[in-house]
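Keep in mind that what you see is a predicted model, and the values were worked out from it rather than measured. Letters A, B, ... mirror the listed sequences (proteins, then strands); counts begin at 1.
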Amino acid sequence: MGDWRRSHDCGALTASDVGSEVCLMGWAQFRRDHGGLIFIDLRDRGGLTQVVFCPEGSQAELERAHVLRTEYVLAVKGRVRARPEGMANPSMPTGEIEVEVKEFKLLNTAATPPFPIEDRIDASEMLRLKYRYLDLRRPKLAANFILRNKAVQSIRRYLDQLGFLEVETPVLTKSTPEGARDFLVPSRVNNGSFYALPQSPQLFKQLLMMAGFDRYYQVVKCFRDEDLRADRQPEFTQVDIEMSFVDEEQVMGMAETMVKTMFREAAGVMLPEVFPRMPFAEAIRDYGLDKPDIRFGLKLVDVTSIVKNSGFQVFAKAELVKGIRVPGGAALSRKEIDDFTEFVKIYGAKGLAWIKIKEDEWQSPFAKFLSDEEKKGLTEAFGLEVGDIVFFQAGASDMVNNALGYLRLQLGERFELIPEGSFAPVWITDFPLLEYDPEAKRWAARHHPFTSPQPGQLGTLESAPGDALARAYDLVLNGSEIGGGSIRIHDRETQRAMFAVLGIDAKEAEDKFGFLLRALEYGAPPHGGIAFGLDRLIMILAGAKSIRDVIAFPKTQKALCLMTEAPGEVSTNQLRELGIKLRTRDKDKEQS
RNA sequence: GGGGCUGUAGUUAAGUUGGUUAUAACGCCGGCCUGUCACGUCGGAGGGCGCGGGUUCAAGUCCCGUCGGCCCCGCCA
């Protein structure tokens, strides 16, 4: 570059800069070579500016510029000029001007990229991930990271103003028995022992409260070795927060304002002044899921009592029978209904019952089994009108709620009931403290084992564990869980009772959580907190379909990084130092 | 662990019931071009169909296995 210095970025120049001498540096996006005149759209993170190589600028540079190709890296010096009459490009922010090149430097050449660097991309994601650094040059993708930066800055500013202390917690820590599968790191100094990467800094942030830090936060990587999804990566970022001397209201209030502030500052999006709240039981009742998308209706209706003596055995025998009324749904084709039937089978449904409400009859494979009284009951329960379709699911409660809950989302999409660009946050409260694990035949913490029961629930905890409610709360946005937290247990006795219900005996508790139990004896303050999934939050804010679009270097569904080809094998020397012997490698030797 | 979709020039795709030399567009290379903006125009090169087996006179096309990619169930306190 010599002594050349960039004077502007490629999105900065406007008509008011006409006449000024500038220096731009960036990548050649498009080249339009007219022989005696060459246009190049120069691109950097800031945008795109048309630079013109022409005789008026410099005949010598024009002749030199014919070798330029896409993605070559250039520095140009020249004069900003207004484009000639009628030549402005209204679709470009810098479309009124162009830079007449007087001198340029070729900073680097570039091989032809494997896919074009432009927003209307059609390259496969496999290829894009292999060349992630090229994909990230695309303005649309880069915009997600600019947004992400704004969001994080906003959150930090907000929490800092409230006196929160950002503290780092260990990445090499201890494996904990509950929760997701841990990523393990072998210890060289202590062969046979392993660190675990944190699934979240949960215990550390509680210990920071016991340390008297009062208000803590951290933007922190967390690791869970579970299968991936469109919205799940093995390493992801949490905005982790903990506060002392607070109750639910204070944590939720603080978090709500944080999210509102961030949406406004980062994206200009105004969220509702007050987020609605919904008890867990109501969410399941009306939406079938604990993360309801409340941007549209189609609530589930429980009709178990109406059909409990029905001649239709599928209904009569079921633990729970629920339905969804879709106004105008009678127009659905048989094929579409079959597709929905296949869809609910994913969630363990055996089939999907339906009734089309026609002018003169109920069209349905099972309407003939329904008595007039049952029909009347259903008509009232759903508020049925001609042209509706009702879908039913009958069977075990969990299956019915889950299948219909997800069917509702499908129907919302099919009937275009979800308003574009809308954001609907909702707090889910009053979660059950525990849930039964039928495989392990024991109760497990729904949130985590340090979540405090609601007042007066300690008795319930022993008599009817499933009914005990937790001081826990989730924040759901557009049907996606973006944050969750709780008021924690801060006395040793409650913590012991909790471990007892979970089947963790004193010895195991001491082994796994001794450090926490000990800390609880030294004056632990009442405390609670919340953690947000930052990637998911940004994904929703950016309107991205995948969490990969807001993570700079994401992994594929098989948890591979196509760019670095991680994970990879390591040398036997490295393994020996760690005291590790591979079973598969031995097996290969035996076979060969 | 399971279900669905998918892999063909650099890229995105088409490719009949197996049948000459595997199509197209974009990109790339070369020529021409002073107002383009996904510039235009003329010409050219480029793959043997993810990989390995098999069936067949003959395989992108059928079969088996295997490796990837995407979505989902399980899993994710």
> Please state whether the base of B:G35 and the side chain of A:Arg81 form at least one donor-acceptor pair under 3.5 Å?
yes

> Classify the nucleic acid contact of A:Thr451 as base, sugar-phosphate or nothing, counting any heavy atom under 4.0 Å across all strands shown.
nothing

> Taking only side-chain nitrogens and oxygens of A:Ser124, does any of them come within less than 4.0 Å of OP1 or OP2 of B:U11?
no

> In whole angstroms, how far is the P atom of B:C33 from the CG atom of A:Leu62?
12 Å

> Under 3.5 Å, is there a donor on one side chain and an acceptor on the other for A:Thr494 and A:Asp491?
yes

> Between A:Ile428 and A:Pro292, is there a side-chain heavy-atom distance shorter than 4.5 Å?
yes

> Over all strands shown, is A:Arg548 touching base, sugar-phosphate only, or nothing at heavy-atom distances under 4.0 angstrom?
sugar-phosphate

> Can you check B:G48 for me, syn or anti if syn means within 90° of 0?
syn

> Provide the distance between the two C1' atoms, one in B:C51 and one in B:G7, to the nearest whole Å.
11 Å

> C1' atom, B:U11 versus B:G69: distance in rounded Å?
16 Å

> Report the nucleotide, chosen from B:U11, B:U34, B:C28, that has the shortest atom-to-atom distance to any side-chain atom of A:Leu37.
B:U34

> Using 0.5 Å steps for rounding, measure from the CG atom of A:Leu127 to the CG atom of A:Asp135.
9.0 Å

> Does A:Arg128 put a side-chain nitrogen or oxygen below 4.0 Å from OP1 or OP2 of B:G69?
no

> Write down the distance separating the C1' atoms in B:U55 and B:G65, rounded off to the nearest Å.
15 Å

> Under 4.0 Å, counting only non-hydrogen atoms across every strand here, what does A:Gln199 touch: a base, just sugar-phosphate, or nothing?
nothing

> Name the nucleic acid region contacted by A:Phe450, choosing base, sugar-phosphate or nothing; use a 4.0 angstrom heavy-atom cut-off, strictly under.
nothing

> What contact category does A:Arg232 fall into here, base, sugar-phosphate, or nothing, at under 4.0 angstrom with non-hydrogen atoms?
base

> Answer with base, sugar-phosphate or nothing: what part of the nucleic acid does A:Ala88 contact at a heavy-atom distance below 4.0 Å?
base

> Using a heavy-atom cut-off of 4.0 Å across all strands, would you classify A:Ala444 as base, sugar-phosphate, or nothing?
nothing

> So does A:Arg69 reach the base of B:G27 with its side chain, donor to acceptor, closer than 3.5 Å?
no

> Mind checking who B:G43 pairs with, Watson-Crick or G-U wobble, both distances under 3.5 Å?
B:C29

> Please work out if A:Leu48 contacts a base, only the sugar-phosphate, or nothing of the nucleic acid, heavy-atom cut-off 4.0 Å.
nothing

> Counting only Watson-Crick pairs (N1-N3 plus N6-O4 or O6-N4) and G-U wobbles (N1-O2, O6-N3), all under 3.5 Å, who is the partner of B:G68?
B:U6

> A:Arg132 side chain to A:Ala552 main-chain N or O, any donor-acceptor pair under 3.5 Å?
yes

> If I take atom CG in residue A:Leu127 and atom P in nucleotide B:G50, what distance separates them, rounded to the nearest angstrom?
16 Å

> Among B:C37, B:C70, B:C39, which is the nearest nucleotide to the side chain of A:Met92?
B:C37

> Decide yes or no on side chain to side chain contact (heavy atoms under 4.5 Å, CB included) for A:Leu562 and A:Met126, but give the supporting numbers first.
CA-CA 7 Å; A:Leu562 297 182; A:Met126 217 193 306; 3.8 Å; yes

> Which distance, rounded to the nearest 0.5 Å, do you find between the OG1 of A:Thr237 and the CD of A:Gln218?
10.5 Å

> How far does the C1' atom of B:G46 sit from the matching atom of B:U36, given to the nearest Å?
29 Å

> Tell me whether A:Thr94 contacts the main-chain N or O of A:Leu48 through its side chain, where contact means a donor paired with an acceptor under 3.5 Å.
yes

> Can you tell me which nucleotide in B:C37, B:U34, B:C75 comes closest to the side chain of A:Gln50?
B:C37

> Looking at every heavy atom in both A:Ile337 and A:Phe391, which two are closest together, and how far apart are they?
CG2-CE2, 4.3 Å

> Send over the distance from A:Arg83 CZ to B:C37 P, rounded to a whole Å.
11 Å

> Reckon A:Ile38 touches a base, only the sugar-phosphate, or nothing at all at heavy-atom distances under 4.0 Å?
nothing

> Can you measure A:Glu71 atom CD to B:G10 atom P for me and round it to whole angstrom units?
20 Å

> Would you say whether A:Phe115 stacks on B:U11? The test is a distance between ring centres of less than 5.5 Å and an angle between planes of less than 30°.
no

> Please answer whether B:C39 and A:His34 are stacked, defined here as ring centres separated by less than 5.5 Å and planes angled under 30°.
yes

> Can you tell which of B:G74, B:G68, B:C70 lies closest to the side chain of A:Gln557?
B:C70

> Out of B:C73, B:C76, B:G35, which has the shortest distance to the side chain of A:Tyr347?
B:C73

> Figure out the CZ/C1' separation between A:Phe30 and B:G35, and round it to whole Å.
18 Å

> Regarding A:Asn89 and A:Ser91, do their side chains bring together a donor and an acceptor under 3.5 Å, going by distance alone?
yes

> Where the side chain of A:Thr112 is concerned, which of B:U36, B:C28, B:G1 is the nearest nucleotide?
B:C28

> Does either side chain, that of A:Gln29 or that of A:Arg137, offer a donor lying less than 3.5 Å from an acceptor on the other one?
no

> Heavy atoms under 4.0 Å, any strand shown: does A:Pro116 hit a base, just sugar-phosphate, or nothing?
nothing

> At under 4.0 Å between heavy atoms, how does the protein contact nucleotides 40-45 of chain B? Give one character per nucleotide, 5' to 3', with B, S or -.
------

> Among the nucleotides B:C37, B:U11, B:G69, which one has an atom lying closest to any side-chain atom of A:Lys558?
B:G69

> How many whole angstroms separate atom CD of A:Glu226 from atom C1' of B:C76?
5 Å

> Donor-acceptor pair under 3.5 Å: do we get one between A:Glu98's side chain and the base of B:G35?
yes

> Supply the atom-to-atom distance A:Leu184 CG to A:Leu197 CG, rounded to the nearest 0.5 angstrom.
8.0 Å

> Counting just side-chain N and O atoms, does A:Arg32 come under 4.0 Å of either OP1 or OP2 of B:U36?
no

> Among B:C76, B:U34, B:U11, which nucleotide has an atom closest to any side-chain atom of A:Ala123?
B:U11

> Find the distance A:Gln238:CD to B:C76:P and express it as a whole number of Å.
16 Å

> Between A:Asp41 and A:Arg229, who's closer to the 5' end of RNA chain B by nearest nucleotide?
A:Asp41

> Does A:His66 have its ring centroid less than 6.0 Å away from the ring centroid of A:Phe53?
no

> To the nearest Å, give me how far apart CG (A:Leu409) and C1' (B:C72) are.
14 Å

> Taking the same atom, P, in B:U17 and in B:C62, what whole-Å distance lies between them?
10 Å

> Mind checking if A:Asn89 touches a base, just sugar-phosphate, or nothing, with heavy atoms under 4.0 Å?
base

> Can you tell me whether the base of B:G60 sits syn or anti, using the 90° cut around 0 to define syn?
syn

> Please give the distance between the C1' atoms of B:G54 and B:U61 as a whole number of Å.
15 Å

> Would you indicate what A:Pro114 reaches in the nucleic acid, counting non-hydrogen atoms under 4.0 angstrom: base, sugar-phosphate, or nothing?
sugar-phosphate

> If you measure from the P atom in B:U20 to the same atom in B:A59, how many Å do you get, rounded?
11 Å

